[in-house]
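These values consider heavy atoms only, across backbone and side chains, with no hydrogens, waters or symmetry-generated copies.
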Amino acid sequence: MEYSNLRRQTIFMKKNLFDQGYLDEQFNQLEELQDESSPNFVEEVAALFFKDSSRLLTNIEQAIDKYPQDFYRLDSLMHQLKGSGSSIGALRMKNECSVFKANCNDRNLEGCRRSLQKMKREHATLKQKLESYFQLLRQVGPSEYAVSSRK
């Protein structure tokens, strides 16, 4: 595939991630930190996020089963996940973390369970979409660092 077509696809894919609410401005800020000395910076940060967030999601699921009435514990774990998601611009995940935390404040265990299931789906979808985006960026090559999709 020719370079300009790959570049257009990359820009379109990133724009869609923003338009569909998967990412926010924090992701652009991460890309601005990427340069020739660290050409895979954003991809590496995302990989760390997905490793850490997968662990946190498992911990939250276990806490719901083991300590279903410990809303302080659940809220604390979710706070960690929300901070982690915010750091890479995972907007939908961050928003669902807020829903979960509101359910904790209301002591609504079923709401927490529903929110966790939705968050796990959002997590898996974002991971798949970002993996596709990074794969396309690798095809475009190292000269493409922060791919602009500003509206």
Side-chain angles (χ1 to χ4, degrees), residues 1-66 73-105 111-151:
M1 197 175 288
E2 96 180 25
Y3 174 82
S4 61
N5 191 26
L6 281 174
R7 174 133 170 66
R8 274 193 301 277
Q9 277 187 294
T10 304
I11 292 168
F12 180 75
M13 184 180 285
K14 182 178 172 186
K15 183 179 182 318
N16 280 340
L17 288 169
F18 278 82
D19 290 348
Q20 294 170 1
Y22 286 102
L23 297 175
D24 66 18
E25 183 57 32
Q26 182 62 31
F27 189 81
N28 282 332
Q29 292 176 11
L30 275 179
E31 284 193 325
E32 288 172 10
L33 296 174
Q34 186 165 285
D35 60 21
E36 57 276 344
S37 68
S38 56
N40 299 316
F41 176 74
V42 178
E43 188 171 1
E44 291 166 4
V45 169
L48 289 171
F49 163 74
F50 285 113
K51 181 180 178 186
D52 187 52
S53 57
S54 293
R55 177 188 56 79
L56 283 168
L57 285 167
T58 298
N59 291 350
I60 293 165
E61 194 162 37
Q62 290 171 347
I64 283 178
D65 292 338
K66 194 171 181 180
R73 179 189 304 253
L74 294 173
D75 184 77
S76 177
L77 288 166
M78 190 55 63
H79 184 75
Q80 291 176 48
L81 183 60
K82 185 177 181 180
S84 185
S86 294
S87 71
I88 70 154
L91 182 60
R92 282 190 181 190
M93 283 197 64
K94 183 175 74 171
N95 291 342
E96 196 57 41
C97 287
S98 295
V99 171
F100 186 99
K101 287 171 71 61
N103 284 317
C104 284
N105 289 340
C112 288
R113 289 182 195 276
R114 281 190 307 272
S115 182
L116 178 61
Q117 293 310 309
K118 184 173 180 186
M119 190 168 323
K120 287 168 60 178
R121 288 189 302 272
E122 293 292 350
H123 183 266
T125 301
L126 179 62
K127 184 175 183 183
Q128 180 269 318
K129 287 181 179 289
L130 282 179
E131 285 173 350
S132 296
Y133 174 70
F134 292 133
Q135 181 179 11
L136 195 55
L137 273 181
R138 285 190 300 275
Q139 290 176 19
V140 170
S143 63
E144 293 303 313
Y145 295 113
V147 176
S148 178
S149 68
R150 310 244 175 179
K151 298 173 193 162

>> Could you tell me if the side chain of Lys94 sits less than 4.5 Å from the side chain of Asp24, heavy atoms only?
In response: yes
> So how far is it from Ile60 CD1 to Arg55 CZ, rounded to the nearest 0.5 Å?
Replying inline: 9.5 Å
> Can Asn28 and Lys14 be said to form a side-chain hydrogen bond (donor to acceptor under 3.5 Å, both in side chains), step by step?
Replying inline: CA-CA 10 Å; Asn28 282 332; Lys14 182 178 172 186; 2.7 Å; yes
> Do the non-hydrogen side-chain atoms of Asn40 and Phe134 ever get within less than 4.5 Å of each other?
Replying inline: no
>> If you apply the rule side-chain contact (heavy atoms from CB on, under 4.5 Å), what do you find for Leu130 with Leu17, and how did you get there?
In response: CA-CA 9 Å; Leu130 282 179; Leu17 288 169; 4.0 Å; yes
> Do Gln26 and Gln29 touch side chain to side chain, with heavy atoms closer than 4.5 Å?
Replying inline: yes
> Any side-chain heavy-atom pair from Asp75 and Phe100 closer than 4.5 angstrom?
Replying inline: no
Expected list for residues 81-88: side-chain donor-acceptor pairs under 3.5 angstrom, two or more places apart:
| from | atom 1 | to | atom 2 | distance (Å) |
| --- | --- | --- | --- | --- |
| Lys82 | NZ | Ser98 | OG | 2.8 |
| Ser86 | OG | Lys82 | O | 2.9 |
| Ser87 | OG | Ser84 | O | 2.6 |

> Parallel, tilted or perpendicular for Phe49 and His123, by the 30°/60° rule?
Replying inline: tilted
> CE of Met78 to SG of Cys112: how many Å apart, nearest 0.5 Å?
Replying inline: 7.5 Å
>> Assess the residue pair Gln139 and Gln9 against the criterion (side-chain contact (heavy atoms from CB on, under 4.5 Å)); give the C-alpha distance rounded to whole Å, side-chain angles, the decisive distance to 0.1 Å, and a yes or no.
In response: CA-CA 11 Å; Gln139 290 176 19; Gln9 277 187 294; 6.0 Å; no
> How long is the span from the NZ atom in Lys120 to the OG atom in Ser53, to the nearest 0.5 Å?
Replying inline: 12.5 Å
>> Test your reading of the model: is there a side-chain donor-acceptor pair from Ser115 to the backbone of Gly111, 3.5 Å cut-off?
In response: no
> Just how far is it from atom CD1 of Ile64 to atom CG of Leu74, taken to the nearest 0.5 Å?
Replying inline: 5.5 Å
> side-chain contact (heavy atoms from CB on, under 4.5 Å) between Leu23 and Leu126: does it pass, once the steps are laid out?
Replying inline: CA-CA 9 Å; Leu23 297 175; Leu126 179 62; 4.1 Å; yes
> Hey, does the side chain of Gln34 reach the backbone of Phe41 with a donor-acceptor pair shorter than 3.5 angstrom?
Replying inline: yes
> Parallel, tilted or perpendicular: which describes the rings of Phe27 and Phe18, with under 30° parallel and over 60° perpendicular?
Replying inline: perpendicular
>> With a 4.5 Å cut-off on side-chain heavy atoms, are Arg92 and Met119 touching?
In response: no
>> Quick one, Leu91 and Tyr22 - any side-chain contact, counting heavy atoms below 4.5 Å?
In response: no
> Any donor and acceptor pair, going by atom type alone, linking the side chain of Asp35 with main-chain N or O of Ser38 inside 3.5 Å?
Replying inline: yes
> Any salt bridge between Asp65 and Arg113, counting N to O under 4.0 Å?
Replying inline: yes
> At what distance, to the nearest 0.5 angstrom, does NZ of Lys127 lie from NZ of Lys51?
Replying inline: 11.5 Å
>> Measuring from atom CD of Gln20 to atom NZ of Lys15, what distance do you get when rounded to the nearest 0.5 angstrom?
In response: 10.0 Å
>> Is the shortest side-chain heavy-atom distance between Thr58 and Gln62 below 4.5 Å?
In response: yes
> Does Arg73 have any side chain to side chain donor-acceptor pair (under 3.5 Å) partners at least two apart in sequence or in another chain, and if so, which?
Replying inline: Asp70
>> Would you say that Tyr133 contacts Lys129 through its side chain, given a criterion of any heavy-atom pair below 4.5 Å between the two side chains?
In response: no
